[in-house]
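Here's the structure we're looking at; comments come further down.
Atoms within each ligand, like the ligands themselves, are counted from 1 in listed order. All values reported here derive from a predicted model rather than from experimental measurement. Position 1 is the first residue of the sequence; numbering continues from there.
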Amino acid sequence: MFPPAPLELLHLDWLTSAGIEVAILRLDQIDPLISGNKWFKLVEHLKAAERAGAEGIISLGGAHSNHLHALAAAGKRLGLKTVGLLRGHAQDTPTVRDLQACGMHLHWLGYGGYRARHEPGFWTPWQAQYPDLHAVPEGGGGLTGALGCAAIKQQVDTQLADLGWGNFDAWWLACGTGTTLAGLALAENGRRLVYGALAVPDDHGVAPNIQAILEQAAGPAADYRLIDASRGGFAKVDPPLLAFIEHTEQVSGVPLEPVYTGKALLALKQHVESGELARGARLVFVHTGGLQGRRGFDAD
Ligand SMILES: *Cc1c(COP(=O)(O)O)cnc(C)c1O
């Protein structure tokens, strides 16, 4: 289903001086329209919709949502109807314009209406209005979302030899809900450690969400570690972060955004500089995409 994402060595002075090698898996480059981990998280949901004979998918998100963006693009690509339930009041963001251009039908729920999304009965009127659509939870999460992320591991395994690597020690990636991390940890079955750089504060329930997915999958061992990378709040930016992103983009040529990938890479730098990784360690950093969402920041 996916063209392989390029796996490239990352050349940065702080890695060289610590004697650590990092390869970056460019999920931002898998598809011109559908970028990043959200595509992987959608795969099994799309299959479930197909099995259910649904005509399309209905899901939720905000006005900069990478998930809705991937869903709208996938719908366009695969000829599926898509409906998005949006947080807040009608807004005109680059993301919203893309959703509409892909043919997604939008409903704005307000803030209170959006907060009610976890309440029992929330879906009833939407299911009545759209009986032929399959509902996908916010962000494409849950075990269904995690299982699609196993393909991320395959993409790396098949390209390791091209880097001249026999093996590597650990993964490093940004976490929002932890679904992608849970999928990788399941695919690894305890073989390699998966580091999750938290883009959200500690109290956002990432650890319990990961635990719930692993328990639902019932079985495999999982080796993962969560690191706080949130810098005071989800989507909060500060001058050192922005300077780090700008500098890294210049020297590496890899585009980053401040919500997930920029924070995750800066947290890796801090971890490397703390001396916790042994010289000679090899890591794969997953570029989870999200670049479409940063247009919102450029504009704000
Ligand atoms: C959604 C997102 C994440 C977080 O993925 P989870 O599976 O929710 O942890 C990380 N990076 C980017 C760019 C994202 O859009």
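Applying the 4.0 Å criterion to heavy atoms of Gly178 picks out, from ligand 1, the atoms 6 (P), 8 (O), 9 (O).
With a heavy-atom cut-off of 4.0 Å, Asn66 touches ligand 1 through its side chain alone.
Using a 4.0 Å heavy-atom cutoff, His67 is absent from the residues neighbouring ligand 1. Contact annotation: Cys175 has at least one heavy atom less than 4.0 Å from an atom of ligand 1. Residue contact annotation: Gly289 has a non-hydrogen atom under 4.0 Å from ligand 1.
The closest protein non-hydrogen atom to atom 4 (C) of ligand 1 is Gly176 N, 3.3 Å. Annotation: atom 14 (C) of ligand 1 to nearest protein heavy atom, Lys38 NZ, 2.8 Å. Closest protein heavy atom to atom 8 (O) of ligand 1: Thr177 OG1, 2.6 Å. In terms of protein heavy-atom proximity, atom 7 (O) of ligand 1 is nearest to Thr180 OG1, 2.6 Å. Taking atom 11 (N) of ligand 1 as the reference point, the nearest protein heavy-atom neighbour is Thr288 OG1, 2.7 Å. If you check which protein heavy atom lies closest to atom 5 (O) of ligand 1, you get Asn37 ND2, 3.0 Å.
Partners of His271 under the ring-ring contact (aromatic ring centres under 6.0 Å, His included) rule, at least two apart in sequence or in another chain, are Trp172, Tyr195.
Note that NZ of Lys41 and SG of Cys149 are 6.5 Å apart. Values are rounded to the nearest 0.5 Å.
Comment: Arg231 engages Asp238 in a salt bridge, judged by a side-chain N to carboxylate O separation of less than 4.0 angstrom.
Using cut-offs of 30° and 60° on the angle between ring planes, the pair His134 and His45 is tilted. Using a 30° and 60° split on the angle between ring planes, Trp165 and Phe168 fall in the tilted class, from 30° to 60°.
Figure legend: Lys38 and Tyr260 shown as a cation-pi pair, the cationic atom lying under 6.0 angstrom from the six-membered ring centre and within 45 degrees of its axis.
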